[in-house]
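As structure tokens, the structure follows; a few thoughts come after it.
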Number of protein chains: 2
Amino acid sequence: MLTDERHQLIRDRLAAEGRVLAGELASRFGVSEDTVRRDLREMAKAGQCRRVYGGAVAAAPFAAAPVSLRGSHAVEEKMRLARAAVALLSSGQSLFIDGGTTNAAIASAIPRDLALTIATNSLGVASALSDHALVELIVLGGRFDRDLGTCVGADTLAAVAQLGADLFFLGSCGLDASRGVTAFDSAEAEVKRAMARNSAGIVIAVTNDKLATAAPYRVAGPEAIRHLVVEKTAPAAILADFEHQGAEIHFA
Amino acid sequence: MLTDERHQLIRDRLAAEGRVLAGELASRFGVSEDTVRRDLREMAKAGQCRRVYGGAVAAAPFAAAPVSLRGSHAVEEKMRLARAAVALLSSGQSLFIDGGTTNAAIASAIPRDLALTIATNSLGVASALSDHALVELIVLGGRFDRDLGTCVGADTLAAVAQLGADLFFLGSCGLDASRGVTAFDSAEAEVKRAMARNSAGIVIAVTNDKLATAAPYRVAGPEAIRHLVVEKTAPAAILADFEHQGAEIHFA
DNA sequence: GCATGTTTTGCATGTTTGTGCAAGAAGCGG
DNA sequence: CCGCTTCTTGCACAAACATGCAAAACATGC
């Protein structure tokens, strides 16, 4: 097992349970407790956890990334979703695109012959669009959150407030027909809310595992969703709920 | 088996599993571990993976440098300059870093154990710093100029105006002992001027070809340069001029 | 054809890094 | 106070590493 892998697994566990025990990790990984303690010491030095007697606790309770970007097996599905999502676009439109791996996939799937105005707070999305000659790209700056891969905070909100868009590609969220769109992080949710407020329509592309799940922070009600892009295998019952609230369903 | 084929297979494997082991690849390809390590080293240098002890893991999602060092002739020199430039840093400092390939090299050369606050309008610099856990990263948003790889315009200026920094790493400019620092683009120069105004000291790292050249737009006078990082082969006469104006010369 | 230079590869070399073990210090509970 | 656990530090060893070198394969130019 690679040292880096161990660190990743510890991060995952911290995100899931908020704390880890040195002895437990040692037997789980099949290494000595000394090694685990060394790992925890390094991670604490890098600000990824806080060291306590007997183990470690998460640095900031809910800051952990909701998705481990590493084991992103669903890359095929996301590319399929992305291709279906960009079919909604036409030249001259203006877009908000926020963070998440699905949105990064969408950005890289945007055809190069579309003339669009795109504002994003995601570094990944901006990078993907940085060579699209016809795209007017606006970076929404602010404090960079490396767990989310996006800018958040007051500066970002101020930048969003100055803009308006036809469509908002809202990513990496929980989606539930009664609770609507929810986010895992308070600052993230604030930015999403601002983008939603300033757009004419919301587009959400999700893999099945996001359907019928909810996160702590509310972003928008289910009726705000204009377009919902899902996998072909998405449960019809759930989709029907969204459809009744006015969403248009698109299959990847 | 061709070298390129091997590289492609390693990329495939990284995409599928997120990590590879040097020993495993060696036996699979029927080559020595040294060869595999060479491959991984090259691929890491090209940003296609991240090297770890025992193998390599998939590159961080944003690390795919959009404005990479590709196509720039003097990669080696720039990395040397970068290593010399980061020697000026110490924990707790705050920095402005603007665009240019040399600054991208500097950003990627910043040690991971330095706690810094860094504000940048360069997508490449931001990407390079996106996995530095101890760096508080502030993205200066605005209209993205894809020729420069940076954000410029009124929004960017407003963001800069709210910040102050100890050092400003000023990149991609002309440098002349009488005319001072000059830029090739009006909007670019405006942002550089704002950053210069709000920093306590300016650091410039340049290859020889930038020395004793001037561009249309004036950014700062020669007396504003605090640190000048140059190649060992830089002409002494030119350096003396800058030294007389108060600059501290550092050789890469 | 032959000499010359380049690229790739494997091997020998020291060096670095991760790991486990042991000893002592420090925290915790009775 | 004492026993127990957890932690840090120093040390040793093996695995992984970078580097220099030489042989082989290949291209290039006279």
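Lettering follows sequence order; numbering is per chain, from 1. Because only heavy atoms are used, hydrogens play no part in the values below, and waters and symmetry mates are left out as well, while side chains stay in. This structure is a prediction, so every number in the text was calculated from the model and none was measured.
Contact check, R51(B) against dC17(D): a side-chain N or O comes under 4.0 Å of OP1 or OP2. Contact annotation: R41(A) reaches the phosphate of dT8(D) (side-chain N/O to OP1 or OP2, under 4.0 Å). Close to dT9(C), at under 4.0 Å from its OP1 or OP2, lies a side-chain N or O of T3(B). For T35(B), a side-chain nitrogen or oxygen approaches OP1 or OP2 of dG10(C) to under 4.0 Å.
A salt bridge between R6(B) and E42(B) is absent, with no side-chain N of the basic residue lying under 4.0 Å from a carboxylate O of the acidic one.
Contact annotation: side chain of R6(A) to base of dG18(C), donor-acceptor pair absent below 3.5 Å.
Nearest nucleotide to the side chain of Y53(A), out of dG10(C), dA26(C), dA16(D): dA26(C). Closest to the R38(A) side chain, of the nucleotides dA18(D), dT19(C), dT9(D), is dT19(C).
Tested against V191(A) for a side chain to side chain contact (heavy atoms under 4.5 Å, CB included), the candidates L148(A), D145(A), T156(A), D98(A) yield a single pass: T156(A).
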**Request:** Would you check, one step at a time, whether the test salt bridge (charged side-chain N to carboxylate O under 4.0 Å, His left out) holds for D4(A) with R19(B)?
**Result:** CA-CA 10 Å; D4(A) 198 71; R19(B) 62 133 219 202; over 6 Å; no
**Request:** Would you please test T35(A) and S32(A) for side-chain hydrogen bond (donor to acceptor under 3.5 Å, both in side chains) and show each step?
**Result:** CA-CA 5 Å; T35(A) 301; S32(A) 75; 3.2 Å; yes
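The residue V36(B) sits apart from the nucleic acid: no heavy atom pair falls under 4.0 Å.
Nearest-nucleotide assignment on DNA chain D puts the 5′-proximal partner with G54(A), out of G54(A) and G55(B).
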